[in-house]
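In the text below, chain A, chain B and the rest are named by the order of the sequence lines, each starting its count at 1.
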Amino acid sequence: MDQSGSYPRAIVHFDGDSFFASVEQAKDYKLRGKPVVTGGERGAVTSLSKEAKMLGAHRGMPMQEIRRVCPSVIVLAGDYTAYSIYAKRMYAIAKTFTTKVEEYSIDECFADITGLNESRGQSYEEIAEAIQEKLELSLGITFGVGLAPSKTLAKVASKRNKPAGFTALPKEEIERVLADTEIYDIWGLGGALSTRLRGLGVITALDYIQKSDAWLKEHGFAKPVRDTWLELQGYPALTLSTGAHAKPHSVMVTRTFTPPSTDKDFIFSQLSKNVEGACAKVRRAGMKASALSFYLKTQEFTYHGVQLDLSAAYDAPPEILKAIRARFDEVYAEGILYRASGVTLRCLRGVDTVTPDLFGAYAESQEKEGVFRAQDAVNRRYGRNTIYLGSSMEALARPDAKYRTKVVRGFVPASKDGKKSLDIPHLGVVH
DNA sequence: TCTGGGGTCCTAGGACCC
DNA sequence: TCTGGGGTCCTAGGACCC
């Protein structure tokens, strides 16, 4: 059947309902039908089952408050390994229908099913619902599903009938639906942009698509804003990234330390720990980094950092730490209270594409590499931080070290300055 | 509720070159 | 000569996302 008028492209968005809590209930039947929240490991809720929501618990509530309004609540620590496994199953199921699947996040994916209606002899709606049914039956969790001519509209659609809903949003329905969608709820328009738009009288997404291209230019809105504007009109401006080789472009490890500190050695050791973690991630991805940036965050929430290039590509801490140490004083100042540090490894390449530098630094690092491989193996087997570098010793020896080395996830509370709060669970560090 | 952790992409403006 | 114009590349920083 010809649906090319309603769907010049047919994009489906799948969004797992209460993903982390739902996975917990799928794993353990005893949790089904009960109020479950995750986030116990850090005392702040990260995901709530629908039963917990029905009893009045909200995301962002302190754990004590949750227990008060909902005494029967079951609080669990996040099991990120399990969530990743469920995410991979989700992608795999979607891929049995089409290869054009974007693995967008731990609980979401997009599929481009354009043309499948002809080849399968089914409507796009039927196909989207068939995928949804297969996901729900195979995983034991429900999904919000949206079908639309663009990614941005598919996101709008999947939000509309949660949980376990399906919404089709063909071109003919765009105006009706966008009239009751606030600009603030549009994917791609964050706190800053939606506040600006509202100041210009744009309240709903319909107001937004009725503005002209000239109007956007006149007010200095740039490409991402225009792409969103096109997408909302049903013109796909964003393509799916379906690359099977979804390798990261950068890898970062940052950690807040409590209490904040002025101690130079302690702060450097924190950074050293960040570097170890980042190197381990890079090795796991089978990559090496040839550039990096590191920063310190003060108690006043200002950032001080530098970006630098490495003499070659590395996946082990020694040379990286050497480079950071050489420039540490550019960001560290005596007497300032620091609350966090972080490192980002950049210019990542697959190990096979790395060209050795002229001065032998690469060859030297190759010799040491065996040591870090062994370390990875031991840490995998006996738990993290079984083996660590001397320079990270101080960080690990602190009394609260066990909290700092834990997997943490969190959320940003809704704030008065118009910044969007996080309302979807997301992945922390998976080990 | 004083505010976590990990990513991506875009752009203004400076450096540099012809 | 003291005065141009224009192009490219890079980076810091800002915006967004989950």
(request) Search all heavy atoms of A/His13 against all heavy atoms of A/Ser158 and return the closest pair with its distance. (result) ND1-OG, 2.7 Å
(request) With C1' as the reference atom in both, quote the distance from C/dG4 to B/dC16 in angstrom, rounded to an integer. (result) 16 Å
(request) Measure from the side chain of A/Val253, starting at C-beta and using heavy atoms only, and say which of C/dC17, B/dG6, B/dG4 lies closest. (result) B/dG6
(message) Looking at A/Leu31, is its backbone amide N or carbonyl O close enough to the side chain of A/Gln25 to form a donor-acceptor pair, meaning the two atoms are under 3.5 Å apart?
(response) yes
(request) Taking salt bridge (Lys or Arg N to Asp or Glu O under 4.0 Å) as the test, write out the residues that go with A/Glu330, two or more places apart. (result) A/Arg327
(request) Indicate, with a heavy-atom threshold strictly under 4.0 Å, whether A/Arg339 touches base, sugar-phosphate, or nothing. (result) sugar-phosphate
(request) Go through DNA chain C and write down every stem, that is, every run of at least three consecutive Watson-Crick or G-U wobble pairs with distances under 3.5 Å, as range with range. (result) B:5-18 with C:5-18
(message) Between A/Lys223 and A/Pro62, which residue's closest nucleotide on DNA chain B lies nearer the 5′ terminus?
(response) A/Pro62
(message) Starting the side chain at C-beta, find the nucleotide from B/dG6, B/dT3, C/dC18 nearest to A/Phe301.
(response) B/dT3
(request) Look only at the side chain of A/Arg59 and the backbone of A/Val45, and say whether a donor-acceptor pair between them is shorter than 3.5 Å. (result) no
(request) Let me know, please, whether A/Gln299 or A/Asp227 comes out on the 5' side of the other along DNA chain B by nearest nucleotide. (result) A/Gln299
(message) Is it the case that the side chains of A/Lys50 and A/Ser22 hold a donor-acceptor pair, with the cut-off being a distance below 3.5 Å and no angle test?
(response) no
Sort me out a list of protein N/O and nucleotides 8-15 of chain C N/O pairs below 3.5 Å, or just none if empty.
residue, atom, partner, partner atom, Å
C/dA12, OP2, A/Gln307, OE1, 2.6

